[in-house]
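Have a look at the structure below, then the notes.
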Amino acid sequence: MSQRYIEAREKYGNIGVDTEQAIEKLQRMEIAMHCWQGDDLGGFDFDGPLSGGIQATGNYPGKARNAEELMRDIDQAFSLIPGSKRLNLHASYAIFEDGKWVDRDCLRPEHFRKWVEFAKERKIGIDFNPTFFSHPKAKQFTLSSTEEEIRKFWIRHGQACIRIAEYFAEELGKPCLVNIWIPDGYKDIPADRLGPRMRLKESLDEILSMDYHKEKVFVSLESKVFGIGLESYTVCSSEFCINYAAEKGILALMDNGHYHPTETVSDKISAMLPFHERMALHITRPVRWDSDHVVLFDDETKEIAKEIVRNDALERMFLSLDFFDASINRVAAWIVGMRSVQKAFLYAMLQPNEALKGLQEKEDFTKLMVWQEEQKFYPFMDVWEEFCVRNQVPAGEEWLSVVEQYEKAVQSSRSAEL
C-alpha cells in the first residue's frame with residue numbers, strides 16, 4: 001500500500017467509510033463492455049450503412065474489420081481496465097464459419113461459438129442484443145410493422161436470440177441479459193399512435209411465449225424518446241416499456257440518453273426499485289440528445305452510481321455501456337468509458353451514505369449540504385489508484401501511451417478494406 005492510500009483509508013475511516021470494503025465491492029462488480037464501439041456498430045452479417053436512427057460519426061483510422069481484429073482490440077481494452085468485466089454482443093456480430101451465412105431469423109448458437117470460446121478463456125459472461133436495425137427488413141418498422149411477414153421475421157429473430165442467450169448462460173455459467181430495442185417510429189405527427197403499440201405488444205407476447213430458462217436468461221425491453229428520422233413518435237416509449245415489463249415480469253432497461261434532456265435516469269432508479277426486482281442500464285453520455293458520447297466521470301454518471309449504491313441495489317442491476325465514437329481511437333474510448341463508470345461507483349461506495357440519510361431524515365439540511373460538498377474533496381483518487389495497482393493496471397493517464405503503442409503497431413496497419 002502507498003502512504004497516500006494509507007492516509008486516505010484513515011481519513012475515510014474517520015467518517016465511517018471502509019475503503020477496503022469499497023475496493024472489494026468494486027472488484028466484484030461486473031460491467032458489460034459493448035462490442036460495437038470497436039467497429040462503429042458495423043457487425044459481420046450485412047454490408048451497408050447503419051439504419052434505424054443509428055449513426056457513428058467520424059473516420060478515425062484503425063477500425064476493426066473482422067472478428068479477429070475486434071477480439072484483439074477488446075483484449076487490449078480489457079488489459080487496461082481494472083476489476084471484473086462482461087462482454088455485450090449484438091446479434092449482428094455472428095461469426096459465419098466456412099462462409100455459411102444465415103439471415104437473422106435463423107441464427108443459432110453455433111454462430112457464436114467463437115465468442116463463447118473467447119469468453120471462456122477470459123472467464124467472463126456475455127450479454128446479448130437482438131439487432132433490429134441495419135437490415136433490409138428494418139427500413140421503417142420491425143415488430144410493430146403493418147406487414148405480418150415483417151413482424152414474423154423479427155419475432156423469429158427475437159426467439160432465436162433468446163435461444164442463443166441460453167447457450168451463453170449454460171456454457172459460461174453466468175446469467176445472460178437479452179435486451180430488446182426497436183427503432184420503430186414516425187418522423188412526423190402520426191394519425192394512429194395506438195395501432196403500432198398494439199402490434200408491438202402482440203409481437204413481444206409471441207417472442208416471450210417460448211419456453212426458456214428464466215433463471216439463466218433475463219429479457220429486458222429498452223425505450224427511447226426519439227431518433228433520427230423518428231423525431232415525432234417512437235412506438236416503444238418509456239411508458240410502454242415500463243408497463244409492459246411490469247406486466248410480463250421482465251426487466252425495463254433504461255438508457256440515460258433515451259429521455260428528454262431535462263429527465264435524469266438517476267432520479268428514475270428509486271422510482272423503479274420498489275416495483276421491479278431487477279433493472280438494466282445502458283450508461284452513455286447524451287450531448288443535447290441521444291448522441292451516445294463516450295461516458296465520462298460526470299455528474300449524472302456519479303448520481304446514477306450513488307442511487308444504486310446507497311440503495312444497496314448492485315445485485316439487482318445489469319450494467320452495460322452503450323456508445324460509439326468513430327472520431328477518436330476506439331480502444332481508448334472503451335477504456336475511458338469503462339474506467340469512468342468504475343470511478344463513479346467507487347466514488348459512490350466511498351460516501352457515508354447512512355450518515356447522509358440520517359441527516360435528511362432529521363431534516364438537518366444545512367449539515368447535509370455541507371457534508372455532501374466536503375465529500376467532493378476527499379482523497380477519492382488515492383483509493384482509485386490503490387484499486388488499479390492491485391489489478392496491475394496503470395492508475396492515471398499513463399495507460400494512453402500503451403494504447404498509442406498498440407495503435408502504431410497494430411491498428412495503423414489496417415486499411416479501409418480487407
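Throughout, residue positions are numbered sequentially from 1 according to the sequence presented.
In this structure the side chain of I31 reaches within 4.5 angstrom of the side chain of M29, judged on heavy atoms. At least one side-chain heavy atom of N256 sits less than 4.5 Å from a side-chain heavy atom of I304. With a 4.5 Å cut-off on side-chain heavy atoms, V341 and L319 do not count as touching. Inter-residue side-chain proximity for L89 and F168 is flagged as met; some heavy-atom pair is nearer than 4.5 Å. Residues S327 and Y60 have side chains not in contact (no heavy-atom distance under 4.5 Å, counting atoms from C-beta outward).
Of the possible donor and acceptor atoms, one in the side chain of S413 sits under 3.5 Å from a partner among the backbone N and O of V410. Proximity of a side-chain donor or acceptor of R339 to a complementary backbone N or O of A395 within less than 3.5 Å is detected. Side chain of N311 to main chain of A313: no donor-acceptor pair is present (N/O by atom type, distance under 3.5 Å, no hydrogens or angles). Between the E263 side chain and the H260 main chain, a donor and an acceptor come within less than 3.5 Å of each other. Looking at T131, its side chain does come within 3.5 Å of a backbone N or O of S92 through a donor-acceptor pair. Of the possible donor and acceptor atoms, none in the side chain of N391 sits under 3.5 Å from a partner among the backbone N and O of V393. Side-chain atoms of E166 come within 3.5 Å of backbone N or O of H213 as a donor-acceptor pair. A donor-acceptor pair is defined here as one N or O able to donate and one able to accept, closer than 3.5 Å; no such pair exists between the side chain of D292 and the backbone of F324. Here the side chain of D184 pairs a donor or acceptor atom with the backbone of T142 at under 3.5 angstrom. A donor-acceptor pair is defined here as one N or O able to donate and one able to accept, closer than 3.5 Å; no such pair exists between the side chain of S203 and the backbone of I155.
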Going through the checks in order, is the side chain to side chain contact (heavy atoms under 4.5 Å, CB included) test met by F318 and E30?
CA-CA 8 Å; F318 284 91; E30 294 184 350; over 6 Å; no
Chi angles and distances behind the side chain to side chain contact (heavy atoms under 4.5 Å, CB included) call for L253, H282:
CA-CA 7 Å; L253 185 143; H282 274 182; 3.8 Å; yes
Please assess Q411 against V331 for the test side chain to side chain contact (heavy atoms under 4.5 Å, CB included), listing each intermediate value before the final yes or no.
CA-CA 10 Å; Q411 293 175 302; V331 173; 3.6 Å; yes
List the steps and the verdict of side-chain hydrogen bond (donor to acceptor under 3.5 Å, both in side chains) for Q159 and D105.
CA-CA 8 Å; Q159 291 178 331; D105 63 332; over 6 Å; no
List the steps and the verdict of ring pair (Phe, Tyr, Trp, His ring centres under 6.0 Å) for F218 and Y212.
CA-CA 10 Å; F218 293 85; Y212 65 94; 9.2 Å; no
Could you give me the CA-CA distance, side-chain angles and deciding distance for Y406 and D73, then say whether side-chain hydrogen bond (donor to acceptor under 3.5 Å, both in side chains) is met?
CA-CA 9 Å; Y406 178 77; D73 289 355; 2.5 Å; yes
side-chain hydrogen bond (donor to acceptor under 3.5 Å, both in side chains) between N129 and N88, intermediate numbers included:
CA-CA 8 Å; N129 306 261; N88 199 7; 2.8 Å; yes
Decide yes or no on side-chain hydrogen bond (donor to acceptor under 3.5 Å, both in side chains) for D322 and W36, but give the supporting numbers first.
CA-CA 8 Å; D322 183 9; W36 49 91; 2.9 Å; yes
Might you work through the side chain to side chain contact (heavy atoms under 4.5 Å, CB included) test for L87 and F118, ending with a clear yes or no?
CA-CA 10 Å; L87 182 64; F118 178 85; 4.2 Å; yes
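Summarising the local packing, CD of E398 is surrounded by more than 12 heavy atoms from other residues, nucleotides or ligands at distances under 6.0 Å. Within 6.0 Å of CD in Q360 there are 12 or fewer heavy atoms belonging to other residues, nucleotides or ligands. In this structure, K214 places its NZ atom where more than 12 heavy-atom neighbours from other residues, nucleotides or ligands lie under 6.0 Å away. By the neighbour-count criterion of 12 heavy atoms within 6.0 Å, atom CZ of R310 is densely surrounded, having more than that number from other residues, nucleotides or ligands. Around NZ of K11, the count of heavy atoms belonging to other residues, nucleotides or ligands within 6.0 Å does not exceed 12. For CG of D312, the number of neighbouring non-hydrogen atoms (other residues, nucleotides, ligands) closer than 6.0 Å is 12 at most. For CD of E215, the number of neighbouring non-hydrogen atoms (other residues, nucleotides, ligands) closer than 6.0 Å is 12 at most. A 6.0 Å sphere centred on NZ of K357 holds more than 12 heavy atoms belonging to other residues, nucleotides or ligands.
Checked against side chain to side chain donor-acceptor pair (under 3.5 Å), E24 has the following partners two or more places apart in sequence or in another chain: R28. With sequence neighbours excluded, no residue satisfies side chain to side chain donor-acceptor pair (under 3.5 Å) with Y167.
Of all the heavy atoms in A77 and W334, the pair that sits closest is CB-CE3, 3.9 Å. Nearest approach of R278 to E315, heavy atoms of both residues: NH1-O, 3.7 Å. For the pair A8 and T19, the tightest heavy-atom approach, listed with the atom from each and the gap, is O-CG2, 4.4 Å. Considering all non-hydrogen atoms of both residues, L70 and W115 come closest at CD2-CH2, 3.9 Å. When all heavy atoms are compared, the tightest approach of Y5 to D382 is CD1-O, 3.9 Å. D40 and A56 get closest at one heavy-atom pair: CB-CB, 3.7 Å.
Interatomic distance, E222 CD to I180 CD1, rounded to the nearest 0.5 Å: 11.0 Å.
Between H34 and F323, a ring centre-to-centre spacing shorter than 6.0 Å is recorded. In this structure, W154 has its ring center closer than 6.0 angstrom to the ring center of F132. Remark: aromatic rings of F112 and Y93 are distant, center separation not under 6.0 Å. Centroid-to-centroid, the aromatic rings of F44 and F96 stay 6.0 Å apart or farther.
A cation-pi contact, defined as under 6.0 Å to the ring centre and within 45° of the axis, links K302 to F297. A cation-pi arrangement is found for K268 relative to Y259, the charged atom lying closer than 6.0 Å to the ring centre and inside a 45° cone about the ring normal.
The pair K120-E171 meets the salt-bridge criterion, since a charged nitrogen lies less than 4.0 angstrom from a carboxylate oxygen. A salt bridge does not link E386 with R9: none of the charged nitrogens is closer than 4.0 Å to a carboxylate oxygen. Using a 4.0 Å cut-off between charged nitrogen and carboxylate oxygen, R330 and D325 do not count as a salt-bridge pair. R65 has no carboxylate O lying under 4.0 Å from a charged side-chain N of D39, or vice versa, which leaves the two without a salt bridge.
Of the candidates K306, E303, E300, E307, S266 forms a side-chain hydrogen bond (donor to acceptor under 3.5 Å, both in side chains) with just one, namely E300.
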Donor-acceptor pairs under 3.5 Å, side chain of residues 364-381 to any protein atom, not counting sequence neighbours: which ones?
residue, atom, partner, partner atom, Å
D364, OD1, K367, N, 3.3
E373, OE2, K376, NZ, 2.7

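Aromatic ring orientation, F240 versus Y244: parallel (interplanar angle below 30°, classes split at 30° and 60°).
T301 and D298 share a donor-acceptor pair across their side chains, judged by distance under 3.5 Å alone.
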